[in-house]
2 protein chains.
Amino acid sequence: MAEPLRAPQQDRSRATRQKLLEASVESLAQVGYAATTVAVVAARAGVSRGAAQHHFPTRADLFEAAVEYMTEVRLAEIRSHAASLPVGAGRTEAIVAMLADVYTGPLFRAALHLWVAASTEEPLRRQIVRLEAHVGRQAHRALLEVLDVSEKTPGVRETVQGILDMARGLGLADLLTDDSKRRRGIVRQWSKILDQALSG
Amino acid sequence: MAEPLRAPQQDRSRATRQKLLEASVESLAQVGYAATTVAVVAARAGVSRGAAQHHFPTRADLFEAAVEYMTEVRLAEIRSHAASLPVGAGRTEAIVAMLADVYTGPLFRAALHLWVAASTEEPLRRQIVRLEAHVGRQAHRALLEVLDVSEKTPGVRETVQGILDMARGLGLADLLTDDSKRRRGIVRQWSKILDQALSG
DNA sequence: CGGAAAACAAGCACCCTTGATTCTTTTCTG
DNA sequence: CAGAAAAGAATCAAGGGTGCTTGTTTTCCG
């Protein structure tokens with residue numbers, strides 16, 4: 001547990017901590033959970049093992065903090081992407097394409113590795129469920145907003161959730177091979193379908 | 001005397017091998033890739049570690065065979081489910097529900113763990129990509145058939161692929177928590193959408 | 001035919017590597 | 001200088017691989 005908001009830590013210490021978290025996420029995305037050892041993370045962050053040890057007593061502590069960190073970054077990513085969307089004709093397709101991009105990006109990749117690992121490691125699982133619910137809700141809300149639809153309308157909720165699940169599936173497919181070509185076609189087609197479903 | 005044990009060694013060996021493969025898949029689904037050690041698999045299968053080592057010299061060999069085995073079983077599962085579908089009104093929803101079921105079942109779960117592990121382990125990755133392409137193609141074909149649509153029609157290909165990706169996403173969501181309630185709503189809604197998309 | 005030898009299945013014990021954690025020492029900075 | 005931060009060495013457990021042994025089935029040759 002981190003101490004409740006004391007005055008900002010020493011700059012050097014804070015920077016080291018930050019570097020460790022970034023390195024963790026990068027490492028997760030690139031080499032997966034098992035290969036993301038404390039030694040690897042420390043090396044990537046350019047600090048010694050002992051330094052990592054100082055900030056995160058156990059490996060679990062490191063991942064706990066990394067999940068928290070990723071949550072923030074992912075929410076920031078969603079917001080920034082949502083802000084730069086075109087209006088008019090191609091908007092829906094731009095939205096779906098953006099969604100597919102987010103869910104094939106490095107952050108989602110790292111999250112995916114964590115999910116699967118967490119599914120069999122209880123303490124981590126609980127924590128991820130909690131934070132993921134948060135991210136999911138925000139994503140859902142943002143999607144409703146940019147699509148300019150209301151959950152009040154019957155079916156809209158499920159429609160939007162389904163699209164999010166599809167994006168997750170696309171991200172999964174992209175894990176093993178470069179799936180971008182196939183994905184483009186799906187995005188185009190499903191933008192049309194989505195438009196119809198939401199207007200009809 | 002004592003000759004009744006007509007246990008052709010070949011059969012016994014095959015049975016052991018089979019038990020090891022089944023145990024591998026179960027273990028993958030339940031405890032994940034990292035925790036599926038040869039010792040665990042052997043124990044589950046009710047044989048000694050040495051026996052496992054005899055059939056599969058390395059852990060990688062075990063997973064190699066397990067992937068092959070899973071491919072067969074998954075294809076059989078697809079075929080059997082496809083055979084028992086209702087006709088008439090609720091057919092599309094039954095199809096989508098069936099899809100969602102398959103992608104939240106233990107076989108998919110095991111496959112999911114393997115995918116993620118394979119994404120960072122080259123030899124395994126190559127093999128899974130090859131076999132997954134096969135399974136994916138068969139699933140796609142089966143889906144076209146039970147939906148009674150043709151790929152010749154523009155857009156149908158992408159529509160069907162998208163649904164498969166959504167099923168994958170639903171499977172992923174079900175990994176960390178019991179997602180069945182939310183899933184039911186999505187299945188219902190997306191059956192409607194799919195019907196419209198394929199008829200329009 | 002009969003019996004040994006080869007082949008095969010399975011079990012058991014040990015070695016070696018890896019990775020996490022603990023402990024001790026050095027280096028900053030306030 | 002004192003205490004936090006970082007580095008590095010030492011310890012310990014887990015897991016995979018290898019070699020050896022035992023028991024059983026098949027083969028093959030006198």
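Every chain is numbered from 1, with letters handed out A, B, ... down the list of sequences.
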Applying ring pair (Phe, Tyr, Trp, His ring centres under 6.0 Å) to A:Phe63 and not counting sequence neighbours gives A:Tyr33

For nucleotides 20-23 of chain C, print each protein N/O atom paired with a nucleotide N/O atom at under 3.5 Å, atom names and distance only.
residue	atom	partner	partner atom	Å
C:dA20	OP1	A:Arg59	NE	3.0
C:dA20	OP2	A:Val38	N	3.3
C:dT21	OP2	A:Arg59	N	2.8

Which whole-number value in Å describes the distance from [X] [atom1] to [N] [atom2]?
X       : N      : atom1 : atom2 : result
B:Phe63 : D:dG17 : CZ    : P     : 11 Å
B:Phe56 : D:dG17 : CZ    : P     : 13 Å
A:Leu20 : D:dA6  : CG    : C1'   : 11 Å
B:Arg17 : C:dA10 : CZ    : P     : 12 Å
A:Lys19 : D:dA6  : NZ    : C1'   : 11 Å
A:His55 : D:dA4  : NE2   : P     : 14 Å

Got a sec, which residues hit side chain to side chain donor-acceptor pair (under 3.5 Å) with B:Gln18, two or more places apart in sequence or on another chain?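 B:Gln18: side chain to side chain donor-acceptor pair (under 3.5 Å) contacts with B:Glu22.
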
query: Sequence neighbours excluded, which residues qualify as side chain to side chain donor-acceptor pair (under 3.5 Å) partners of B:Thr104?
result: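 By the side chain to side chain donor-acceptor pair (under 3.5 Å) rule, B:Thr104 matches no residue at all.
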
In short, ring pair (Phe, Tyr, Trp, His ring centres under 6.0 Å) pairs touching residues 74-113 of chain A with sequence neighbours left out are A:Tyr103-A:Phe108, A:Phe108-A:Trp115

| query | Using a cut-off of less than 4.0 Å, is there contact between a side-chain N or O of B:His54 and OP1 or OP2 of C:dA10? | reply | no

Testing D:dA7, C:dG11, C:dA9 for proximity to the side chain of A:Ser48, the answer is D:dA7

### Message
Check this for me: does any side-chain nitrogen of one of B:Arg168 and B:Asp165 sit under 4.0 Å from a carboxylate oxygen of the other?
### Response
yes

### Query
Can you pull the salt bridge (Lys or Arg N to Asp or Glu O under 4.0 Å) pairs that have at least one residue in residues 71-90 of chain A, sequence neighbours excluded?
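Qualifying pairs: A:Arg74-A:Glu132.
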
